[in-house]
Visitor: 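My questions all concern the structure below.
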Amino acid sequence: MNALQAKTLSAPDHISPNSDALAQISSIGARAFLIEAPGTFDLPSQRRIWALSRALTLREDVAEVVPGMTNLLVILREIPQDPTAFAFDLQTSWRQASEVDIAGREIEIAVTYGGEHATDLPALCDLSGLTDREIVRIHSEGTYRVFALGSAPGFGYLHGLDPRIHMPRKTVPSLNMARGCVTIGGAQTGVAVLTGPNGWNSIGYAELRMFDPEAESPAVMAPGDTVRFRAERIEL
């Protein structure tokens, strides 16, 4: 389970306040804590999450850490005797963490923009006031960083989407969105890994299989990678 899923499935019990200086730390069940970076959803915050993840991995009382989008799920080996004290200990670790970058790979993904899979492109045109060709140009000219993997095996949450084409996730998900759909969800973009229900908005399709369980490295993307979308075909 990744940090985003944990936050959704369990109503957190807030332990520390959210401010410019402090992370927000919430208990998730009896032996897990969610650390959420304060301030802007940006690369410096994610770099700090990566740094904190490395530091906490070295602790003997930590069983697992799961980096998410500017958040970090920390799972302990045992239930802490004093959860509040442990939360303040995490807060200290957050305040001491410095930014680190991950030297990832550069990945280019060929995309067919428009066509049968771009079911949400007209709605994005209406929302943004842009033409479909303008949206394709903006999306394909972007440079994106993989902040985290989650929600499905190998799905990369990509940061760097131009604010002009931000689009809220659907209140009612599409029931059978195809694997390979190039999607927008809020301020993020990504490529659907599995065919099935999906609340993101599809604007195109990529043939590249993002996850292959039989491959030596099953996931195409990893945190820190740089991703660019190439408009191989435009069907508008």
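Heavy atoms only: backbone and side chains are in, while hydrogens, waters and symmetry mates are out.
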Visitor: Hey, are the side chains of Y113 and I135 touching, using non-hydrogen atoms and a 4.5 Å cut-off?
Guide: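 Not touching, per the 4.5 Å side-chain cut-off.
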Visitor: For E106 and T226, run side chain to side chain contact (heavy atoms under 4.5 Å, CB included): C-alpha distance rounded to whole Å, both residues' side-chain angles, the deciding distance at 0.1 Å, then the answer.
Guide: CA-CA 5 Å; E106 292 191 0; T226 298; 4.3 Å; yes
Visitor: With rounding to the nearest 0.5 angstrom, report the CZ to CG distance, R133 to L236.
Guide: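 It comes to 5.0 Å.
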Visitor: In chain order, what residues pass the salt bridge (Lys or Arg N to Asp or Glu O under 4.0 Å) check against D89, with sequence neighbours excluded?
Guide: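 R59.
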Visitor: First locate atom CD1 of I25, then atom CG of L72, and finally report the distance between them rounded to the nearest 0.5 Å.
Guide: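 Taking CD1 in I25 and CG in L72, the distance rounds to 10.0 Å.
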Visitor: Return a table of donor-acceptor pairs under 3.5 angstrom between the side chains of residues 206-225 and protein atoms on other chains or two or more places apart.
Guide:
residue	atom	partner	partner atom	Å
R209	NE	F211	O	3.1
D212	OD1	E214	N	3.1
D225	OD1	R105	N	2.7
D225	OD2	A222	N	2.8

Visitor: Would you say the side chain of V111 lies within less than 4.5 Å of the side chain of E232, judging by non-hydrogen atoms?
Guide: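 A side-chain contact is absent here, since even the closest heavy-atom pair is not under 4.5 Å.
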Visitor: When you measure from the side chain of Q46 to the backbone of F147, do you find a donor-acceptor pair of N or O atoms at a distance under 3.5 Å?
Guide: yes
Visitor: Between E235 and T112, is there a side-chain heavy-atom distance shorter than 4.5 Å?
Guide: yes
Visitor: Any side-chain heavy atom of V136 within less than 4.5 Å of one from I138?
Guide: no
Visitor: Run the side chain to side chain contact (heavy atoms under 4.5 Å, CB included) test on Q188 and L158 for me, step by step, so that the C-alpha distance in whole Å, both residues' side-chain angles and the decisive distance to 0.1 Å come before the verdict.
Guide: CA-CA 6 Å; Q188 305 164 49; L158 305 184; 5.9 Å; no
Visitor: Closest approach of P80 and A30, non-hydrogen atoms and distance?
Guide: CD-O, 3.6 Å
Visitor: Where is the tightest heavy-atom contact between A23 and I35, given as atom of each residue plus distance?
Guide: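 Closest approach of A23 to I35: CB-CG2, 3.8 Å.
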Visitor: More than 12 heavy atoms of other residues, nucleotides or ligands under 6.0 Å from CG of L175: yes or no?
Guide: no
Visitor: Tell me, do V65 and L73 make a side-chain contact under 4.5 Å, heavy atoms counted?
Guide: no
Visitor: Would you check if the side chain of H159 reaches a backbone N or O of Y144 as a donor-acceptor pair within less than 3.5 Å?
Guide: no
Visitor: With sequence neighbours excluded, give me every salt bridge (Lys or Arg N to Asp or Glu O under 4.0 Å) pair touching residues 181-194.
Guide: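 As it turns out, there is no salt bridge (Lys or Arg N to Asp or Glu O under 4.0 Å) pair with a partner in residues 181-194 once direct neighbours are skipped.
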Visitor: Go through the structure and list residues passing salt bridge (Lys or Arg N to Asp or Glu O under 4.0 Å) with R233, not counting sequence neighbours.
Guide: none
Visitor: Out of curiosity, Y205 OH to M177 CE, how far, rounded to the nearest 0.5 Å?
Guide: 12.5 Å
Visitor: Give the intermediate values and the outcome of side chain to side chain contact (heavy atoms under 4.5 Å, CB included) for residues V74 and L76.
Guide: CA-CA 7 Å; V74 182; L76 303 180; 4.3 Å; yes
Visitor: Of the non-hydrogen atoms in W200 and G185, which two are nearest, and what is the gap between them?
Guide: CE3-N, 3.3 Å
Visitor: Find the distance between NE2 (H139) and CZ (R164) and round it off to the nearest 0.5 Å.
Guide: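 Between atom NE2 of H139 and atom CZ of R164 there are 13.0 Å.
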Visitor: Below 4.5 Å, heavy atoms only, C-beta onward: do S53 and P67 meet side chain to side chain?
Guide: yes
Visitor: Show me, pair by pair, the donor-acceptor contacts under 3.5 angstrom made by side chains of residues 114-132, not counting sequence neighbours?
Guide:
residue	atom	partner	partner atom	Å
D120	OD1	K170	NZ	3.1
D120	OD2	K170	NZ	3.0
D120	OD2	S202	N	2.7
S128	OG	L124	O	2.8
S128	OG	L130	N	3.1
T131	OG1	E134	N	3.1
T131	OG1	E134	OE1	3.4

Visitor: Taking the side chain as everything from C-beta on, heavy atoms only, tell me whether I28 gets closer than 4.5 Å to F33.
Guide: no
Visitor: Specify the closest pair of heavy atoms between S98 and A51, including all atoms of both residues, with the distance to one decimal.
Guide: O-CB, 2.7 Å
Visitor: Compare every heavy atom of L161 with every heavy atom of G186, then report the nearest pair and how far apart it is.
Guide: O-CD2, 3.9 Å
Visitor: Nearest 0.5 Å, please: how far is CZ in F155 from CG in N198?
Guide: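 Rounded to the nearest 0.5 Å, the CG-CZ separation comes to 7.0 Å.
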Visitor: Check whether any side-chain heavy atom of N176 lies under 4.5 Å from a side-chain heavy atom of P197, and answer yes or no.
Guide: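 Not in contact.
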Visitor: Could you walk me through whether M69 and E36 pass side chain to side chain contact (heavy atoms under 4.5 Å, CB included), step by step?
Guide: CA-CA 9 Å; M69 296 288 291; E36 298 177 89; over 6 Å; no
Visitor: Do F86 and I79 land in one hydrophobic cluster if side-chain heavy atoms of ILVMFWY residues count as linked below 4.5 Å?
Guide: no
Visitor: Do side-chain atoms of R77 reach the backbone of E60 as a donor and acceptor pair under 3.5 angstrom?
Guide: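 Answer holds: yes.
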Visitor: With rounding to the nearest 0.5 angstrom, report the CG to CD distance, L22 to Q91.
Guide: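 Reported value, rounded in 0.5 Å steps: 4.5 Å.
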Visitor: Of the non-hydrogen atoms in T70 and D42, which two are nearest, and what is the gap between them?
Guide: CG2-O, 4.0 Å
Visitor: Salt bridge or not for R48 and E99, using N-O below 4.0 Å?
Guide: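 Looking at E99 together with R48, the answer is no, because their closest N to O distance does not fall below 4.0 Å.
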Visitor: Taking salt bridge (Lys or Arg N to Asp or Glu O under 4.0 Å) as the definition, give me every residue that meets it alongside R31, ordered by chain and number, with sequence neighbours left out.
Guide: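 With neighbours one apart ignored, the set is empty.
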Visitor: Check whether N201 reaches the backbone of P168 with its side chain - one donor and one acceptor, N or O, closer than 3.5 Å.
Guide: yes
